There are 4 protein chains.
Amino acid sequence: MKSDKEEKILKAAEKVFIKKGFFPTRIDDIAEAAGVAKGTIYLYFSDKQSIYVSLLDNRLRKMIDFLKKIGNEKITATEKLEKIFNVLFDIFSDVKGMISLVTIENINLTTEIMKELRVKTKHKFSQLIDLLAKIIREGIKHKELKSINPKMGALIFLNIAHTSFQAHMFISGVKEQREKIKDIFFYGIKPKSK
Amino acid sequence: MKSDKEEKILKAAEKVFIKKGFFPTRIDDIAEAAGVAKGTIYLYFSDKQSIYVSLLDNRLRKMIDFLKKIGNEKITATEKLEKIFNVLFDIFSDVKGMISLVTIENINLTTEIMKELRVKTKHKFSQLIDLLAKIIREGIKHKELKSINPKMGALIFLNIAHTSFQAHMFISGVKEQREKIKDIFFYGIKPKSK
Amino acid sequence: MKSDKEEKILKAAEKVFIKKGFFPTRIDDIAEAAGVAKGTIYLYFSDKQSIYVSLLDNRLRKMIDFLKKIGNEKITATEKLEKIFNVLFDIFSDVKGMISLVTIENINLTTEIMKELRVKTKHKFSQLIDLLAKIIREGIKHKELKSINPKMGALIFLNIAHTSFQAHMFISGVKEQREKIKDIFFYGIKPKSK
Amino acid sequence: MKSDKEEKILKAAEKVFIKKGFFPTRIDDIAEAAGVAKGTIYLYFSDKQSIYVSLLDNRLRKMIDFLKKIGNEKITATEKLEKIFNVLFDIFSDVKGMISLVTIENINLTTEIMKELRVKTKHKFSQLIDLLAKIIREGIKHKELKSINPKMGALIFLNIAHTSFQAHMFISGVKEQREKIKDIFFYGIKPKSK
DNA sequence: CATGAATGAGGCTTCATTCAT
DNA sequence: TATGAATGAAGCCTCATTCAT
């Protein structure tokens with residue numbers, strides 16, 4: 001049960017972190033964006049990193065909850081993946097930049113540095129992958145999907161959805177391409193052999 | 001024709017940047033890794049950022065050269081993509097960490113921050129995407145590939161190849177999965193419908 | 001309305017700048033002299049140079065105000081010059097070193113270097129010369145003074161007053177010589193011809 | 001008997017020191033201006049300061065020699081001062097900037113800092129003042145000049161001549177004013193009382 | 001003698017964090 | 001709780017000086 005202030009700070013921090021990245025973001029930036037004094041931030045967070053971890057944690061938790069919910073629905077694995085893909089794609093293509101905060105890229109960012117962040121985050125990332133993998137495994141079991149390493153499938157799934165984020169830099173009208181992209185995940189880039 | 005020292009510094013810098021990331025890397029770290037004095041670095045590079053740009057530039061140039069070479073071969077678009085995928089996949093799964101320096105992630109890292117880096121790099125990134133897109137366009141033309149936005153196709157291609165990098169964190173035996181992953185790009189995760 | 005701290009820093013900076021000069025003065029020196037932490041200085045000044053500019057500005061403003069006041073008094077140009085000379089002479093011979101911060105020498109110091117300082121200061125220096133020149137022009141008009149270039153007259157006036165500063169290095173009892181020196185400015189070093 | 005190289009370095013150093021001042025001048029600047037390698041400079045001078053001292057020394061020696069020569073001529077003190085004034089004035093108004101290297105200002109520059117420079121220079125400065133003072137004393141003795149402290153007279157004399165240097169910043173056509181300025185030294189700024 | 005690549009001490013400045021109010 | 005002035009550790013970069021060639 002977070003206080004209003006804490007929520008306000010997190011919101012502000014997310015905005016700034018997305019815009020500038022972790023290191024270039026100054027506590028002052030966050031304080032200003034949140035409309036609180038710098039000192040106030042330290043009443044709610046022990047340090048800069050913990051704000052970041054907190055944000056990542058929130059997002060991952062939400063995604064995990066979402067995946068759990070979808071995972072439990074009485075629909076086919078394919079339908080589950082479609083639903084998830086749509087949501088991810090829309091988030092990624094809408095929010096721009098947000099991804100740098102939420103997705104797989106963070107694994108990289110945290111390599112070797114910010115042990116705390118990595119430790120605290122790794123577990124949730126794994127959980128997320130596992131939930132996706134579970135759906136894929138289910139799909140494989142029901143012959144809906146090819147037999148592949150489910151985790152690898154999960155990663156590919158995430159990366160393809162994630163593509164929508166980068167696409168903005170090179171292409172216009174990304175959102176409209178959702179179905180086509182999803183189609184590649186499911187059916188490949190090759191046309192159906194007659 | 002770079003001097004020995006410059007080469008030595010670049011090598012060292014790459015190692016450190018990959019290990020720690022741009023911001024946490026200290027000039028001292030690079031100097032120490034290169035076995036030179038701090039000041040020496042500034043004989044060859046104007047500042048920390050320019051070392052990074054230089055590295056990125058080198059790698060991108062190599063990738064571009066490679067794509068150009070493949071692009072000119074007298075083989076089908078599909079064969080070109082296969083060759084490229086194999087090489088990228090192997091690089092990504094071998095070198096670990098290296099990717100954080102070379103791939104699409106950098107687009108993200110450089111968003112908003114480090115204008116110079118972005119400017120200097122954006123062009124080469126675009127070129128790289130364009131070369132891939134050209135191959136895809138060619139494939140579409142010859143009905144080898146579905147009709148999709150070629151740049152989007154290029155991005156998806158890169159992201160799938162890139163998956164191999166992240167995969168190490170969650171899966172063992174990534175390298176062995178190359179063909180299966182490539183297969184997903186070409187034919188999708190769905191099994192061939194009867 | 002400057003804060004206490006800012007005032008304290010300026011006071012300290014003046015002391016150190018006078019003692020050591022601009023370049024050899026370290027921010028640490030100023031911080032120590034002011035009894036604040038190094039970082040604190042940057043809460044009030046953007047950089048070392050701006051402290052210097054600020055000091056110069058203050059002093060020049062005071063001198064300008066003084067010249068304006070005298071300039072408006074209902075007394076002869078000669079009387080104005082006498083008053084001004086007395087004040088300058090006393091300042092210069094009292095405070096020692098202070099001059100290096102305040103007087104014409106700075107024109108020199110700032111030539112070619114530290115554009116910002118020069119730009120910000122040049123205007124006030126000119127203003128000061130102009131105010132003196134105005135008095136001299138007035139004196140010429142009323143036949144109290146010889147017809148000379150008023151600005152040149154102003155400069156000579158300042159330089160002679162300034163002599164008292166250097167004099168300490170070579171002579172004792174400088175202060176007692178004020179009237180004699182002033183006399184040279186007004187009547188020259190030659191004895192009255194019969 | 002200085003070598004060519006040494007002479008070349010000194011010439012270059014003088015140019016640069018005058019343009020940029022002591023501290024902002026880099027050894028590289030001097031080397032480049034002299035057309036020699038940086039290391040070469042250290043074959044002839046122990047350090048940056050000693051170049052400066054050497055320059056100052058040269059100039060002062062020349063001035064001293066000149067004053068000695070004039071001092072020994074069989075002419076009145078007044079004539080001697082006129083000759084000296086003319087020479088100084090021309091130097092000062094010609095070379096611009098040079099003064100910062102040669103004249104009284106250096107006393108200031110060396111306050112507290114650069115002990116070596118001060119020590120090595122003080123003596124020559126004194127000698128220079130003494131030679132001028134001697135002429136003034138002589139003038140006083142012969143009733144050509146008012147009875148004032150000869151050293152103070154010497155300083156005033158130098159400062160007035162020096163005015164021509166600063167004047168460039170505020171006035172055009174400085175050189176043409178030599179006689180008028182000299183006149184002020186001899187007869188003051190007040191018109192001859194009827 | 002001459003070179004200029006290499007060194008590394010030291011300066012300025014930033015910014016996460018603290019703490020008195 | 002909230003503030004924001006103050007702190008000072010730490011990083012980037014410069015440049016006088018050295019030294020192997």
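Keep in mind the model is a prediction, meaning the values are calculated, not measured. Numbers restart at 1 for each chain; the letters A, B, ... are given by sequence-line order, proteins then strands.
With a 6.0 Å cutoff to the six-membered ring centre and a 45° limit on the axis angle, Lys48(B) does not count as a cation-pi contact of Phe17(B).
A heavy-atom distance below 4.5 Å is not found between the side chains of Lys8(D) and Lys11(D).
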Can you check nucleotides 11-13 of chain E for protein contacts, nitrogen or oxygen pairs under 3.5 Å, and list what you find?
residue, atom, partner, partner atom, Å
dC12(E), OP1, Lys48(C), NZ, 3.3
dC12(E), OP2, Ile27(C), N, 3.1
dT13(E), OP2, Tyr42(C), OH, 2.6
dT13(E), OP2, Lys48(C), N, 3.3
dT13(E), O5', Tyr42(C), OH, 3.4
dT13(E), O4, Lys38(C), NZ, 3.2

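When DNA chain F is scanned 5' to 3' for any atom under 4.0 Å from a heavy atom of chain D, the first and last hits are dC15(F) to dT18(F).
In terms of position along DNA chain E, the nucleotide closest to Ile41(B) lies nearer the 5' end than the nucleotide closest to the other residue of the pair Gly39(C) and Ile41(B). For the pair Thr40(B) and Val36(A), nearest-nucleotide mapping onto DNA chain F gives the more 5' position to Val36(A).
To the nearest 0.5 angstrom, Phe45(D) atom CZ is 14.5 Å from Tyr52(D) atom OH. The structure places CD of Gln127(A) at 10.5 Å from CZ of Arg61(A), a figure rounded to the nearest 0.5 Å. To the nearest 0.5 angstrom, Thr40(D) atom OG1 is 6.5 Å from Ile9(D) atom CD1. For the atom pair Glu14(A) CD and Leu56(A) CG, the distance stands at 10.0 Å (nearest 0.5 Å).
Remark: Glu32(C) CD is loosely packed, at most 12 non-hydrogen atoms of other residues, nucleotides or ligands lying under 6.0 Å away. The local environment of NZ in Lys15(C) is sparse, with at most 12 non-hydrogen atoms from other residues, nucleotides or ligands closer than 6.0 Å.
Tyr44(A) comes within contact range of the sugar-phosphate backbone alone, with a heavy-atom separation under 4.0 Å but no base atom that close.
A straight line from CD of Glu6(D) to C1' of dA2(E) spans 15 Å, rounded to a whole angstrom.
Taking both residues in full, the closest heavy atoms of Asp47(D) and Tyr42(D) are given as CA-CE2, 4.0 Å, listed atom of the first, atom of the second, then distance. In terms of heavy-atom proximity, Ile30(C) sits nearest to Ala12(C) at O-CB, 3.8 Å.
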Q. Could you write out DNA chain E as a dot-bracket string, with dots for unpaired bases, | for bases paired across to another strand, and Watson-Crick or G-U pairs counted at under 3.5 Å?
A. .||||||||||||||||||||
